[in-house]
Amino acid sequence: MLAISNIVNNQQAAVQGLTKRGLANARDLVDQVVQLDQLRRETQTKLDSTLAESNTLSRQIGQLMKEGKREEAESVKLKTTELKNSSKALAESLRTHEEQLQQVLYNIPNLPHKNVPEGLRAEDNEVLLEHGEIPTLPQDASPHWELIEKYDIIDFTLGSKISGAGFPVYKGKGARLQRALVNFFLDKAREAGYIEIQPPLLVNEDSGYGTGQLPDKEGQMYEIVDQKLFLIPTAEVPITNLYRNVILQENDLPVKNTGYTPCFRREAGSWGAHVRGLNRLHQFDKVELVHITQPEHSYAALEEMLLHTRQLLEQLELPYRILKLCAGDLGFTSAFTYDLEVYSAAQEQWLEVSSVSNFETYQANRLKLRYKDGNNKTQMLHTLNGSALALPRIVAAILENNQQAEGVKVPDVLIPYTGFNIIN
RNA sequence: AGAGGGUUGGCGGAGUGGUCGAACGCGGCGGUCUUGAAAACCGUUGUACCGCGAGGUACCGGGGGUUCGAAUCCCUCACCCUCUGCCA
């Protein structure tokens, strides 16, 4: 969430940023924050002085009791009753104001960075560049959902039988290709200086709030109701929450973590013809990068992550393009996002395979993640993350783009990992 | 899963109702001394919020309660340890 002071002291900028995202009630939201913050502070000032008075009296009572002056003590006690009532009422109203304020803050998205393009719809995203040649496939080329059946490497029917739609079963070379991709991605991340993390796949409610999945995206996560645990929708959640309520030292920075995990998403109501096959799943594999750094370095870190991700796609010989998301298409918690899309030749469409974002202080605020600078002062940090990469659509693109009469050619860089060079 | 014991500041560890944000030790930081360092000695050393400031308030695993007053008593949840059970 945004820092209160940030909103209150820069109201105009906040309104502008939220309006850029397409929020019709931006002014109203900012006003609510200002007003609730004012109330909260007034209430706390009153409460604090009431408690101070009552603390003083309590100490008096203690002193009197010690001196054996019970009568006097009793009379002081009477005075405290009134204070007690008013402090109780003040505490109650303080809590109400704080809760309301937090509620409003939870529902205010991040402010877009100034370089984020104007626009509200996906069509307004800016195509930064296209890389690689789009392959021309033979007339009888198949989409990946036919290829996986033909070579019997991914089985949706079996998945439905044991789990449900959107839970594919990977078999034989299909399974080995998955494992190869995961290892390839992790090795590259390690070479780029990322520490590999294997986090839990189930997280608690606090973690959901920490990275911003809760409360606004509750429907996206699978929940173990009786344990109040959530299946992670991305490794971002556990790996970033490692740093919840943490004050890092300056020499811990930058933090560069990576992790492979399955990701679980309910994707309620988003099924249809355009999400056939591997395009959208309830469970999929992904290698994630998480970066934590000082504000002044975060945009350099973002570029570094983008470059890393691009290089993966280039090594896999997949044609891709980079989008700069417009304000309206930006994720709730993001200040700036690059999307990377690969071209899936048989489907003849671009598929998003990575999203690289700078959250600036938005997550760090919720997480209470800070660091001590050279002067031993506590300062805010920026968090960033990016997929490098999400597997299913990469697999879809490899299958479709590399299909030949004798089978699907495995990208050279993967052969040491797969142990085979063709899927047939 | 059952029984019992725990959870205190960066770490170790006192504290069982009154001036405790918390003894003491270690570590960290600053200083004295030294050519420099070590040792020794002196000082300092949590976080958040409110307040222009002086200063105040809250926090001893989380939440709630009793009391004029709670780290200390009660309830509840989480986690840790030991034993039993089960299992990879």
Side-chain angles (χ1 to χ4, degrees), chain A residues 1-9 33-106 198-210 214 223-230 238 241-253 255 361 363-381:
Chain A
M1 64 191 166
L2 295 170
I4 296 169
S5 59
N6 191 16
I7 298 177
V8 172
N9 299 330
V33 171
V34 173
Q35 204 178 343
L36 284 167
D37 181 53
Q38 185 63 29
L39 270 172
R40 174 190 129 257
R41 285 154 64 184
E42 282 169 8
T43 311
Q44 174 153 3
T45 306
K46 279 186 215 155
L47 174 62
D48 282 359
S49 58
T50 307
L51 286 174
E53 202 176 328
S54 138
N55 284 344
T56 309
L57 291 180
S58 288
R59 277 190 288 264
Q60 260 178 44
I61 293 170
Q63 191 57 38
L64 290 169
M65 295 291 242
K66 212 173 244 175
E67 292 167 9
K69 301 175 180 168
R70 293 200 58 177
E71 304 256 316
E72 279 184 59
E74 286 302 324
S75 77
V76 178
K77 266 194 201 183
L78 293 176
K79 282 201 259 178
T80 62
T81 316
E82 199 183 327
L83 288 173
K84 209 185 168 188
N85 287 335
S86 59
S87 70
K88 215 169 199 171
L90 285 166
E92 185 58 40
S93 104
L94 178 63
R95 212 170 77 178
T96 308
H97 294 143
E98 280 175 345
E99 275 169 10
Q100 286 174 349
L101 183 54
Q102 183 153 69
Q103 212 49 49
V104 175
L105 286 170
Y106 273 152
Q198 269 195 30
L201 307 180
L202 278 78
V203 295
N204 59 27
E205 221 175 353
D206 285 347
S207 296
Y209 277 96
L214 295 174
E223 183 178 2
I224 313 286
V225 176
D226 64 340
Q227 307 265 351
K228 277 198 184 148
L229 290 172
F230 297 87
N241 271 284
L242 257 25
Y243 301 90
R244 174 151 45 83
N245 287 322
V246 165
I247 301 180
L248 291 167
Q249 297 301 313
E250 196 166 25
N251 59 14
D252 294 329
L253 300 170
V255 170
T361 58
Q363 283 185 333
N365 241 317
R366 280 203 192 182
L367 290 162
K368 295 197 173 71
L369 163 60
R370 292 151 293 170
Y371 83 105
K372 288 219 190 269
D373 68 10
N375 300 318
N376 214 32
K377 266 196 77 178
T378 308
Q379 305 281 4
M380 290 312 295
L381 283 167

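Labels below follow one simple rule: chain letters A, B, ... track the order of the sequence lines, proteins then strands, and each chain is numbered from 1. These numbers were taken from a predicted model, which means no experiment stands behind them.
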A:Arg59 vs B:G69: side-chain N/O to OP1/OP2 distance below 4.0 Å: no
Atom-to-atom span, NZ of A:Lys88 to C1' of B:C68 - whole angstrom: 13 Å
Phosphate OP1/OP2 of B:G64: any A:Arg95 side-chain N/O under 4.0 Å: yes
A:Ile61 and A:Lys77, any side-chain heavy atoms less than 4.5 Å apart: yes
Rounded distance in Å - CZ (A:Arg370) to C1' (B:A48): 8 Å
Touch class at under 4.0 angstrom, heavy-atom based, for A:Gln63 against every strand present: base
Separation between the C1' atoms of B:C20 and B:G69, rounded to whole Å: 13 Å
A:Ala52 side chain, from C-beta outward: closest of B:U57, B:C68, B:G51: B:U57
Identified pairing partner of B:G43, criterion: Watson-Crick or G-U wobble below 3.5 Å: B:C29
Nearest-Å distance for atom pair CD/P, residues A:Gln44 and B:U57: 12 Å
Nucleotide B:C68, atom C1' - distance to CD of A:Gln60 in whole Å: 11 Å
Under 3.5 Å on both distances, the Watson-Crick or G-U partner of B:A22: none
For B:A54, the Watson-Crick or wobble counterpart (both distances under 3.5 Å): none
P-based separation of B:U57 from B:C81 [nearest Å]: 39 Å
Touch class at under 4.0 angstrom, heavy-atom based, for A:Lys372 against every strand present: sugar-phosphate
A:Lys79 NZ: over 12 foreign heavy atoms closer than 6.0 Å: no
A:Gln379 CD - B:U47 C1' separation (whole Å): 15 Å
Phosphate-side-chain proximity, A:Arg40 and B:C50, N/O vs OP1/OP2 below 4.0 Å: yes
Base paired to B:A78 (Watson-Crick or G-U; both N/O distances under 3.5 angstrom): B:U7
Gap in Å between the two C1' atoms, one belonging to B:C60 and one to B:G51, rounded: 26 Å
Length of the CG-C1' vector between A:Leu90 and B:A58, whole Å: 15 Å
Partner nucleotide, any strand, of B:U66 [Watson-Crick/G-U, under 3.5 Å]: none
Mate of B:U16 where both pairing distances stay under 3.5 Å, Watson-Crick or G-U: none
Over all atoms of both residues, closest heavy-atom pair of A:Asn241 and A:Asp206: OD1-O, 4.1 Å
Under-4.0 Å salt bridge between A:Glu98 and A:Arg95: no
P gap between B:G21 and B:G56, integer Å: 11 Å
Pairwise 5' ranking along RNA chain B for A:Lys77 and A:Thr378, keeping only the more 5' one: A:Thr378
Touch class at under 4.0 angstrom, heavy-atom based, for A:Thr80 against every strand present: sugar-phosphate
Side chain to side chain donor-acceptor pair (under 3.5 Å) evaluation trace for A:Gln103 with A:Glu99: CA-CA 6 Å; A:Gln103 212 49 49; A:Glu99 275 169 10; over 6 Å; no
5' priority, RNA chain B, between A:Glu98 and A:Asp48 [closest heavy atom]: A:Glu98
Pairwise P distance, B:G9 and B:G62 [rounded to whole Å]: 10 Å
Whole-angstrom distance between B:A71 and B:C52, as gauged at atom P: 29 Å
A:Ile247 CD1 to B:G28 C1', straight-line distance once rounded to whole Å: 15 Å
Crowding at CD, A:Glu42 (>12 non-hydrogen neighbours, <6.0 Å): yes
Sugar-phosphate, base or nothing in reach of A:Leu51, heavy atoms under 4.0 Å: sugar-phosphate
Integer angstrom distance from the P of B:U8 to that of B:C73: 15 Å
Selected nucleotide, minimal atom distance to A:Arg41 side chain, candidates B:G18, B:C50, B:G69: B:C50
Rounded distance in Å between the P positions of B:C42 and B:G25: 10 Å
Neighbour count above 12 (heavy atom, 6.0 Å) for A:Glu250 CD: yes
Nucleotide B:U67, atom C1' - distance to CG of A:Asn55 in whole Å: 14 Å
